[in-house]
Amino acid sequence: MGTRATKRSDVFLNYHLYGEPDGPAKVDYFFWILRNQHRTVIVDTGFSPRAGLKRDRELLLHPRQALMELSIEPDDVNDVILTHGHYDHIGNADLFPQATFHMAEAEYRFWNSPTAAHTQFSHYAEEVEIGYLRQRHHAGKLNLFRGQCSPAPGLEVVEVGGHTPGQAMVRLQTTAGPVILASDAVHFYEELERDMPFIAISSLPEMYDVFLHLRDQARAANAIIVPGHDPDVLHRFTPHESALGGNAVTIGDLPVSREEKEHHASDQI
């Protein structure tokens, strides 16, 4: 969990085209924990202290501390979903040595290609962190998927592109209804509300297509959309009842699927 203060022209693509005066903007950084009594899944891993300091990002709460406050042992995490390869989403992946990682193949291939070395891309990545993903891949602990994958019952990871070549979102069912963790497919609610893309993209048409898809999902399926960096996320949802204070929220509960019930029952026999 982190934050930074900046200006609107630093977060919205070609901001001058909107004919509005510049103004302050705040960017928050999140990671997500999906769990029930049988499974714990992590969505993204935040930024490392080193990478944050390098880019003048304020680290408010290290993922290790957040897990400790929630009585979660990193070794007990079953799966880690990495929505894309930017430093603020894969920064502490080495906290979870026992987990299986999931990333779109297009995303992994891009960050291991010569194109990723160009400044417009490399600014958003850390070579040591991409190197760790290579280690996981060589160890057979990185699931590279095309299109979508389902690491657990009721949980889908969907490749959408736009922000990065293999940007992914996470769809899940909760007791609060269907939830889409958009990650950086949508950084702020304002992007959806006003069709204003983020400043860093790999495909502008894909990003606009994602906006349209998410608006359709919110309307037709009554899905709860959670953008990747909007400070309002901490105000729209229920504060978590823990020592994390105002740095965490909860969105419903993750139900136990029939498959998990049957698997758990077989373990007890």
Side-chain angles (χ1 to χ4, degrees), residues 1-31 44 46-47 51-60 83-91 104 106-107 110-111 113-127 130 158-169 180-219 223-236:
M1 177 68 187
T3 192
R4 74 178 171 111
T6 184
K7 54 187 178 179
R8 291 174 61 79
S9 59
D10 279 344
V11 296
F12 293 112
L13 180 67
N14 292 325
Y15 184 72
H16 65 280
L17 297 178
Y18 300 102
E20 302 173 1
D22 208 350
K26 186 170 181 281
V27 183
D28 279 356
Y29 299 81
F30 306 104
F31 78 104
D44 291 333
F47 61 78
L53 185 64
K54 179 178 175 181
R55 296 168 176 82
D56 197 26
R57 274 47 167 171
E58 182 182 0
L59 182 63
L60 300 175
T83 61
H84 61 297
H86 283 178
Y87 76 95
D88 53 324
H89 292 259
I90 68 169
E107 187 73 3
F110 173 79
W111 290 109
S113 74
T115 305
H118 293 291
T119 300
Q120 293 291 332
F121 293 118
S122 64
H123 169 75
Y124 297 100
E126 291 288 315
E127 173 54 33
I130 301 300
V158 183
E159 178 184 356
V160 294
H163 178 57
T164 62
Q167 170 73 55
M169 304 187 301
I180 298 178
L181 299 177
S183 178
D184 288 7
V186 175
H187 288 67
F188 309 105
Y189 287 109
E190 191 171 2
E191 290 180 44
L192 287 180
E193 294 163 355
R194 300 187 58 199
D195 228 21
M196 296 174 67
F198 189 69
I199 196 169
I201 57 171
S202 67
S203 172
L204 185 56
E206 286 183 351
M207 182 169 278
Y208 278 128
D209 287 345
V210 173
F211 291 175
L212 179 60
H213 170 73
L214 287 173
R215 287 193 289 263
D216 286 345
Q217 287 295 299
R219 181 176 58 254
I224 298 170
I225 310 299
V226 185
H229 290 275
D230 198 315
D232 202 32
V233 166
L234 293 176
H235 304 291
R236 292 198 181 198

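Index from 1, following the sequence.
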Measure the spacing between [atom1] of [X] and [atom2] of [Y] and express it to the nearest 0.5 Å.
{"X": "Q120", "Y": "I201", "atom1": "CD", "atom2": "CD1", "value": "11.0 Å"}
{"X": "I225", "Y": "D230", "atom1": "CD1", "atom2": "CG", "value": "13.0 Å"}
{"X": "M169", "Y": "L181", "atom1": "CE", "atom2": "CG", "value": "10.0 Å"}
{"X": "H16", "Y": "R8", "atom1": "NE2", "atom2": "CZ", "value": "15.0 Å"}

May I ask you to test the [X]-[Y] pair for a side-chain heavy-atom distance under 4.5 Å?
{"X": "L214", "Y": "I180", "answer": "yes"}
{"X": "L13", "Y": "F198", "answer": "no"}
{"X": "L204", "Y": "P197", "answer": "yes"}
{"X": "V160", "Y": "H213", "answer": "no"}
{"X": "L234", "Y": "M1", "answer": "yes"}
{"X": "R236", "Y": "Y189", "answer": "yes"}
{"X": "K54", "Y": "E126", "answer": "yes"}
{"X": "I199", "Y": "H187", "answer": "no"}

Discussion item. Quick one, H229 with V11, criterion side chain to side chain contact (heavy atoms under 4.5 Å, CB included). Give me CA distance, side-chain angles, the key distance, then yes/no.
Written reply: CA-CA 11 Å; H229 290 275; V11 296; over 6 Å; no
Minimum heavy-atom distance [X]-[Y], with the two atoms named:
{"X": "S122", "Y": "A117", "result": "OG-O, 3.6 Å"}
{"X": "P165", "Y": "A106", "result": "O-CB, 4.2 Å"}
{"X": "A182", "Y": "P227", "result": "CB-CA, 4.3 Å"}

Could you pull out all residues at least two apart from [X] that satisfy salt bridge (Lys or Arg N to Asp or Glu O under 4.0 Å)?
{"X": "D22", "value": "none"}
{"X": "E159", "value": "none"}
{"X": "D216", "value": "R219"}
{"X": "K26", "value": "D28"}

Residues in ring pair (Phe, Tyr, Trp, His ring centres under 6.0 Å) with [X], at least two apart?
{"X": "Y15", "result": "none"}
{"X": "F110", "result": "F121"}
{"X": "F188", "result": "F12"}

Can you name the side-chain hydrogen bond (donor to acceptor under 3.5 Å, both in side chains) partners of [X], sequence neighbours left out?
{"X": "T83", "result": "D44, S183"}
{"X": "S203", "result": "none"}
{"X": "R57", "result": "Y29, Y87"}

Discussion item. Pairing donors with acceptors under 3.5 angstrom, does anything connect the side chains of H89 and D184?
Written reply: yes
Practice prompt. Using only heavy-atom distances, determine whether the side chains of E107 and H84 contain a donor-acceptor pair under 3.5 Å.
Written response: no
Fill in: Trace of the side chain to side chain contact (heavy atoms under 4.5 Å, CB included) decision for V210 with Q167
CA-CA 11 Å; V210 173; Q167 170 73 55; over 6 Å; no
Worksheet item: Under 3.5 Å, is there a donor-acceptor pair between the side chain of H163 and the main chain of M207?
Response: no
Fill in: Those residues that, when tested against L59, pass side chain to side chain contact (heavy atoms under 4.5 Å, CB included) (two or more places apart)
F47, P49, H62
Worksheet entry | Pairs where residues 191-202 contributes a residue and the test side chain to side chain donor-acceptor pair (under 3.5 Å) is met, not counting sequence neighbours | E20-R194, E190-R194, D195-R215
